[in-house]
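Below: the structure, in structure tokens.
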2 protein chains.
Amino acid sequence: MTASRALRNAGDVSPLNVEKVRQAARDIGYVGNHVATSLSSQRTNLIGAVVPSTSNIVFAQVLSGIAEGIAGTGFQPVFGLTDYDAEREYETIRGMLSWRPAGLIVTGLDQPDMTRKLLAESGVPVVQIMDQDGDPIDGCVGFSQTEAGAAMARALLANGHRRFGYVGCAVDKDTRAMKRRLGFETALAEQGIELVRSLTSGMATSIETGRSLTRQFLSEGRDVDCIYFSNDDIAVGGLFHCMDNGIDVPGEILLTGFNGLDIVKALPNRIATSHTPRREIGRVAAEIILEAVHDKSQRARKVVVLEPRVDLDAERVASQD
Amino acid sequence: MTASRALRNAGDVSPLNVEKVRQAARDIGYVGNHVATSLSSQRTNLIGAVVPSTSNIVFAQVLSGIAEGIAGTGFQPVFGLTDYDAEREYETIRGMLSWRPAGLIVTGLDQPDMTRKLLAESGVPVVQIMDQDGDPIDGCVGFSQTEAGAAMARALLANGHRRFGYVGCAVDKDTRAMKRRLGFETALAEQGIELVRSLTSGMATSIETGRSLTRQFLSEGRDVDCIYFSNDDIAVGGLFHCMDNGIDVPGEILLTGFNGLDIVKALPNRIATSHTPRREIGRVAAEIILEAVHDKSQRARKVVVLEPRVDLDAERVASQD
DNA sequence: TCCGATATCGAGACCGGTATCGATACCGGT
DNA sequence: ACCGGTATCGATACCGGTCTCGATATCGGA
């Protein structure tokens with residue numbers, strides 16, 4: 001008991017003995033056992049993060065933000081991937097809950113009932129991220145995807161565009177991209193405008209996919225003055241296609257992505273985007289969990305809205321050249 | 001005890017009772033406690049992964065590969081970030097070891113002695129990844145960074161290039177990039193060739209940084225026919241600079257990166273790169289851990305070399321357009 | 001010198017499971 | 001009817017810590 005207290009700085013131990021215990025621990029290379037600690041104290045230092053994928057840089061940056069928010073607190077991140085699959089999401093979350101984490105950060109608001117029930121009854125503080133269109137279980141950090149799509153539509157309309165196309169990937173899986181498209185089209189409809197054409201694919205998001213989809217889209221006609229892509233990757237691929245085929249961007253067609261990836265600022269041509277505060281979303285989500293852990297409440301009922309920023313002019317590095 | 005056996009499919013329970021227990025568990029929404037299970041059984045289902053950063057897509061893909069290798073086995077990934085800092089690495093690894101993970105995957109072979117000792121004496125199977133230049137603790141998956149740099153140098157020489165420049169980021173932190181540069185210069189030296197000039201910066205890797213470094217590099221002279229960048233991000237930034245300034249790539253200067261990121265294939269201009277099997281490295285590392293867990297050995301002494309592939313012609317999508 | 005307050009220490013219970021092993025019931029064969 | 005073997009079940013110890021609380025020592029003040 002005295003040794004345990006000494007190693008934890010828990011007080012009630014004489015300075016002399018603290019030092020003796022510390023030294024002995026160093027000598028034998030003692031590494032405390034968190035499994036036992038957690039079982040005994042009925043709490044863990046684990047914070048779970050469930051994202052669809054890490055090879056998508058957006059979620060990788062969210063994880064990075066979470067790690068940043070946790071850093072220095074002694075908590076430890078655990079991650080799980082869902083591959084955009086509801087069943088895997090359920091299993092992943094169940095697996096995490098069996099470790100009784102201090103908190104759980106889950107992507108999206110649209111979990112199936114089973115999953116919601118599991119989370120709600122777990123007693124673990126839950127923060128959902130990247131969306132605001134729905135009913136959070138506890139807390140929630142992000143922005144309305146629908147509104148984000150609508151905001152971009154309004155900005156583009158104000159910029160004089162009238163003939164819009166839509167090109168998207170992973171349409172069957174990426175709920176948030178679907179919401180953006182919905183918001184986008186709704187805002188256009190308010191001005192009595194419809195999409196000229198759209199082209200979607202179930203393929204995974206990538207620059208290459210964006211390139212080939214854009215080729216296909218434009219081969220069916222050059223009848224648009226703006227394309228709204230489901231995200232920046234696709235839009236960048238679209239730009240590369242245009243560059244290779246002498247299509248003036250943004251002169252003839254403005255390409256519009258989503259997320260505000262770093263690459264957008266460095267591109268030789270301007271493309272429009274919405275900057276999403278991904279790292280910050282992760283960081284704030286982690287902070288909400290930490291608050292809930294320290295408060296007696298044990299609930300993380302806090303909603304934080306972090307709006308994306310529409311950027312038609314993508315303050316580019318180019319200007320420095 | 002009977003309930004425990006029923007839920008684990010451990011046998012010695014009548015089918016009738018198995019069903020009764022299962023049903024009762026469902027009814028009350030029982031979620032087993034892995035903390036207790038682990039303490040009792042003296043093993044966990046956790047596999048730790050320590051990487052420098054997740055916002056670097058390369059490591060995000062390694063994590064993705066690890067998750068892929070683990071998928072369906074009941075194991076769970078835990079991740080830790082080091083920010084390329086040896087002290088944070090030590091603390092992160094210590095934190096993970098305190099959970100007595102089934103295995104640990106650590107980036108790089110060049111941990112300080114303290115850290116090596118900690119890992120070696122932990123009794124946990126360790127697999128080091130992304131490097132082969134050094135002495136692995138247990139197992140090791142990756143390739144020789146030095147040789148990767150040399151291989152690219154030889155390929156470029158064979159391709160007729162003679163006047164080489166080097167542009168790099170994060171020079172003080174990224175040991176692996178340093179090794180590549182070393183291998184690159186050594187291979188040049190074997191042909192009696194030296195770098196014409198080099199420009200390095202401590203700034204973090206990004207496309208923008210690559211762009212501005214390249215601007216600075218070329219403003220000091222157009223006296224090279226090839227630039228070796230510390231990685232693809234920097235090289236892509238370099239390309240964007242060249243495109244904006246009418247520099248013919250690869251006609252006047254060939255740009256050379258490292259990693260073989262997806263974007264390279266989709267770019268309007270050709271840049272050279274080495275394709276690294278990042279996802280596969282993660283997957284194989286996970287598999288080695290799993291083997292060690294199942295074998296009695298409890299050691300993961302297996303070395304797998306997954307060579308990068310030099311690609312001067314980056315089979316580009318462009319050709320399809 | 002005596003007393004209550006404070007500092008320090010450690011015995012014992014406990015966290016929620018699993019490993020072990022003995023108890024019981026039932027079975028078919030002789 | 002007796003016997004060894006198998007199926008099923010549960011009592012008990014244990015995993016490695018922490019929590020609680022009582023015991024002891026020490027100290028300043030009356």
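Letters go in sequence order (proteins before strands), and every chain restarts at 1.
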Calculate the interatomic distance between [X] atom [atom1] and [N] atom [atom2]; express it in whole Å.
{"X": "W99(A)", "N": "dG17(C)", "atom1": "CH2", "atom2": "P", "value": "13 Å"}
{"X": "K20(A)", "N": "dT8(C)", "atom1": "NZ", "atom2": "P", "value": "14 Å"}
{"X": "N33(A)", "N": "dC14(D)", "atom1": "CG", "atom2": "P", "value": "18 Å"}
{"X": "N45(B)", "N": "dG17(C)", "atom1": "CG", "atom2": "P", "value": "14 Å"}
{"X": "L7(B)", "N": "dG17(C)", "atom1": "CG", "atom2": "C1'", "value": "11 Å"}
{"X": "N17(B)", "N": "dA25(C)", "atom1": "CG", "atom2": "P", "value": "16 Å"}

Just the table, please: protein N/O against nucleotides 19-25 of chain D N/O, every pair under 3.5 Å.
residue: dC19(D); atom: OP1; partner: R43(A); partner atom: NH2; Å: 3.1
residue: dC19(D); atom: OP2; partner: R8(A); partner atom: NH1; Å: 3.2

Q | Under the salt bridge (charged side-chain N to carboxylate O under 4.0 Å, His left out) test, residues paired with E87(A) that sit two or more places apart | A |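 Here no residue qualifies.
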
For [Y], does its backbone N or O pair with a side-chain atom of [X] as donor and acceptor, under 3.5 Å?
{"X": "D133(B)", "Y": "T146(B)", "value": "yes"}
{"X": "T276(B)", "Y": "P308(B)", "value": "no"}
{"X": "Q145(B)", "Y": "M130(B)", "value": "yes"}

Go ahead and name the base partner of [N]; Watson-Crick or wobble counts if both distances stay under 3.5 Å, otherwise write none.
{"N": "dT20(D)", "result": "dA11(C)"}
{"N": "dA11(D)", "result": "dT20(C)"}
{"N": "dG29(C)", "result": "dC2(D)"}

Can a side chain N or O of [X] be found less than 4.0 Å away from OP1 or OP2 on [N]?
{"X": "Y30(A)", "N": "dG17(D)", "answer": "yes"}
{"X": "Q42(A)", "N": "dG16(C)", "answer": "yes"}
{"X": "S38(A)", "N": "dC15(C)", "answer": "no"}

Q.
Considering only residues two or more places apart or on different chains, which pairs with a residue in residues 27-61 of chain A satisfy ring pair (Phe, Tyr, Trp, His ring centres under 6.0 Å)?
A. H34(A)-W99(B)

Q. Are a donor atom and an acceptor atom from the side chains of R279(B) and S64(B) found within less than 3.5 Å of each other?
A. yes

Q.
Which heavy atom of C140(A) sits nearest to which heavy atom of D131(A), and what is that distance?
A.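 Looking at all heavy atoms of both residues, the shortest contact is SG-O, 3.3 Å.
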
Q | L39(B) vs T2(B), nearer the 5' end of DNA chain D by closest nucleotide | A |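 Of the two residues, T2(B) wins.
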
